[in-house]
Each structure stands twice: as structure tokens, then as C-alpha cells.
Amino acid sequence: MSVVPTLSGEHREPWYAAARRLLEGVDRLVFPPPARCLVCGREGPFPAHICASCLMGWRRELEHSCPCCGRPSGPSGSHAPWGRASLAGPFSARAAESSRPAGLCRECGSYPAPWDKVRPVGLYRGALRELICRFKYGGERWLGAPLGEIMAGVGLATLARPDFLVPVPLGAGRYRQRGFNQAEDLARVAGRRWRVPVVRALARRRPGRRQAGLDRASRWENLAGVFEPLMDLRGATITVVDDVMTTGATLANCAWALLQAGAGRVDGLVLATVPGEG
């Protein structure tokens, strides 16, 4: 395996996806997004089309969050262990190498995570959830640009500067159906802002069932061992990019595969985290 800092590997963008992206760009030139906040409608223009008040509202929901997974860890946000007992073996050796920070939520304290930090923009509810759904499922792919800008700002303020950004790979069937990988779109925006290469360092060994609709235990079982590294990442600091963290199963399995490839540090950056029990 060798490090090639280019966006290549698991999926090569088919011609129709590239054509669709070009038409979306033309559409945005002809019909640009309104110069208003996408959340409250306040007149702008605003960077990333989100006003500071709405963005700070999302951030305030995470003021008392776990320093490891980034999810609310106060009395109203406590959540039960993730059920990672089957993965605790490889994680425990990594946990022994470094002291765990104070204030961990119950699940991060019970089962050491393979990542150093995960940082979400906000909670997966309300306006943020609506924007994510419009981006992924509603045919409004242009929303990846403002959402990616917001992610980039949060990541710059809260995470170590990475050597590479790695989007969570999408299954081939899901990619053909949707026409794009939402994590990849978000990572491209953040990569341009950070001046950091975006690489497809992971592939899926098998398709796996769709995560949406599965309970916690099924999510972990579905993704166990599904990701494999595509390159040598010895000593690299990696930030894994995804749209939503529900139970942490996807990010945990991605992080473990990257550590197997020699990564020295793995962080996660997501648009939203599911509150409470997910």
C-alpha cells in the first residue's frame, strides 16, 4: 500500500454524475441561492448561507458534550453504552497508550474509542436535520457547499490539523442510486478550506445493509470489519468526514481500519450527531 494524496480509488465518478454536477453548477449560476439565512430567513448575505445566531444555536446544544465523541454528556443527554464489547479488544490496547480525558460520557468511559476526537456541528434535529435530508435525499446537492463550509470552520477550531481528510466510503449500490457520496462532497469543501488533500483511503469489503432503520446492536454487527485500508498511512493524522453520527459504528470501524494502516491519530468530523439514544 502507498499513499497517493488524490481523490481516487473505490468509485470513479461516472460520466452522468459528472454531467449532473456540471448542470448543478450552471443552475446555481442562473438561479443562485437566496441571500438569506437558510434556517431563519434573515436577510444576508451570510458566509455559508447560515447566520451567526443560528450557527451558535447549534453549537450551544453541544456546550456540555463528551470530549471524546462530541455528544451531549450532561443529565439530559446521557446515553447508554454503545454495545461495543465485541470491538473492545483492539480498542483497549490503544486506550492504554494514552490517558483518557475527564468528563467522558458513559459509553466512551466504558468502551475506549479508536478515535481521538469526534466533533459535530450540531444535533441531528430541527433545521440542521432538514438541511441534511434536503442535501442527501431532496435533490439539493448544492447544500453540500454551505454545509461543508460550516464543518470546515468547526473542524479548524476544534481538531488537530490533519494530513488527510478521508470521507466515509459509500456502498457501490447506494452510490449508483444517489449519484454522489455526501461525505465526499463535504470533505472536498473542507479540504479546499483547510488546504488538505482528500483521499479515498478506505473501501468496503462487502456492501452491508443500509444503516438507516437498524437498531444499535444491528448497526454495529452490520459494519464489523466492513472497511479496509487502501494505502499506507504510517504516522499520518487523519480526519474522517461523514454527515451524521448515530451510534458511532461507522466512524469507529473506519477509524480502526485507518489505525491498522498505520495512522498515528484519527479524528472525526460530522455535520450532526443523533442526541440521546439515537
Report task. Test side chain to side chain contact (heavy atoms under 4.5 Å, CB included) on Val241 and Val166 and set out the steps. Result -> CA-CA 6 Å; Val241 178; Val166 176; over 6 Å; no
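- Listed for the Asp243 side chain is no donor-acceptor partner under 3.5 Å among the backbone atoms of Leu271.
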Report task. Carefully, step by step, assess Leu55 and Phe46 under the rule side chain to side chain contact (heavy atoms under 4.5 Å, CB included). Result -> CA-CA 11 Å; Leu55 178 56; Phe46 301 106; over 6 Å; no
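- The two residues Val240 and Cys254 make their nearest non-hydrogen contact at CG1-CB, 4.3 Å.
- Between the Arg119 side chain and the Pro67 main chain, a donor and an acceptor come within less than 3.5 Å of each other.
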What donor-acceptor contacts under 3.5 angstrom involve side-chain atoms of residues 143-160, with partners at least two apart or in another chain?
from: Glu149; atom 1: OE1; to: Arg193; atom 2: NH1; distance (Å): 3.2
from: Thr158; atom 1: OG1; to: Val154; atom 2: O; distance (Å): 2.7

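- Nearest heavy atom pair, residue Leu62 against residue Ser65, reads O-OG, 2.9 Å.
- Closest of all the heavy-atom pairs between Asp163 and Ala236 is OD2-CA, 3.4 Å.
- Residues Leu123 and Val118 are members of separate hydrophobic clusters, defined by side-chain heavy-atom contacts under 4.5 angstrom among Ile, Leu, Val, Met, Phe, Trp and Tyr.
- Both Phe135 and Val39 sit in one connected hydrophobic cluster of ILVMFWY residues. Membership requires side-chain heavy atoms under 4.5 Å apart, directly or through other members.
- Judged by distance alone, with hydrogens and angles left aside, the side-chain atoms of Arg36 form no donor-acceptor pair with the main-chain N or O of Arg42 at under 3.5 Å.
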Report task. Applying side chain to side chain contact (heavy atoms under 4.5 Å, CB included), run through Leu258 and Phe227 and close with a yes or a no. Result -> CA-CA 9 Å; Leu258 294 168; Phe227 299 109; over 6 Å; no
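- Taken from OH in Tyr124 to CD in Glu130, the straight-line distance is 11.0 Å, to the nearest 0.5 Å.
- How far CG of Asp242 is from CD of Gln182: 6.5 Å, rounded to the nearest 0.5 Å.
- Looking only at distances, a side-chain donor or acceptor of Trp115 sits under 3.5 Å from a matching main-chain atom of Cys68.
- Here the rule is side-chain contact (heavy atoms from CB on, under 4.5 Å) with Arg265, and of Thr237, Thr239, Ile238 only Thr237 fits it.
- A pairwise comparison of heavy atoms in Pro167 and Val198 identifies CD-CG1, 3.8 Å as the closest pair.
- When each of Val270, Leu128, Val274 is paired with Val244, the side-chain contact (heavy atoms from CB on, under 4.5 Å) condition holds for Val274 and for no other.
- Closest approach of Thr250 to Val168, counting heavy atoms only: CG2-CG1, 3.5 Å.
- Note that the CZ atom of Arg188 and the CG atom of Leu186 stand 10.5 Å from one another [nearest 0.5 Å].
- Counting only heavy atoms from C-beta outward, the side chains of Ser53 and Cys40 never approach each other to under 4.5 Å.
- Here the CD-CZ distance, from Gln177 to Phe180, works out to 11.0 Å after rounding to the nearest 0.5 Å.
- Minimum heavy-atom separation, Gly70 to Pro120: O-CG, 3.6 Å.
- The shortest side-chain heavy-atom distance between Asp267 and Pro162 does not fall under the 4.5 Å cut-off.
- With rounding to the nearest 0.5 Å, the separation of CD in Glu140 from CD1 in Ile132 is 13.5 Å.
- Arg59 places a side-chain N or O within 3.5 Å of a backbone atom of Val121 that can act as its donor or acceptor partner.
- Looking at Arg204, its side chain does come within 3.5 Å of a backbone N or O of Pro169 through a donor-acceptor pair.
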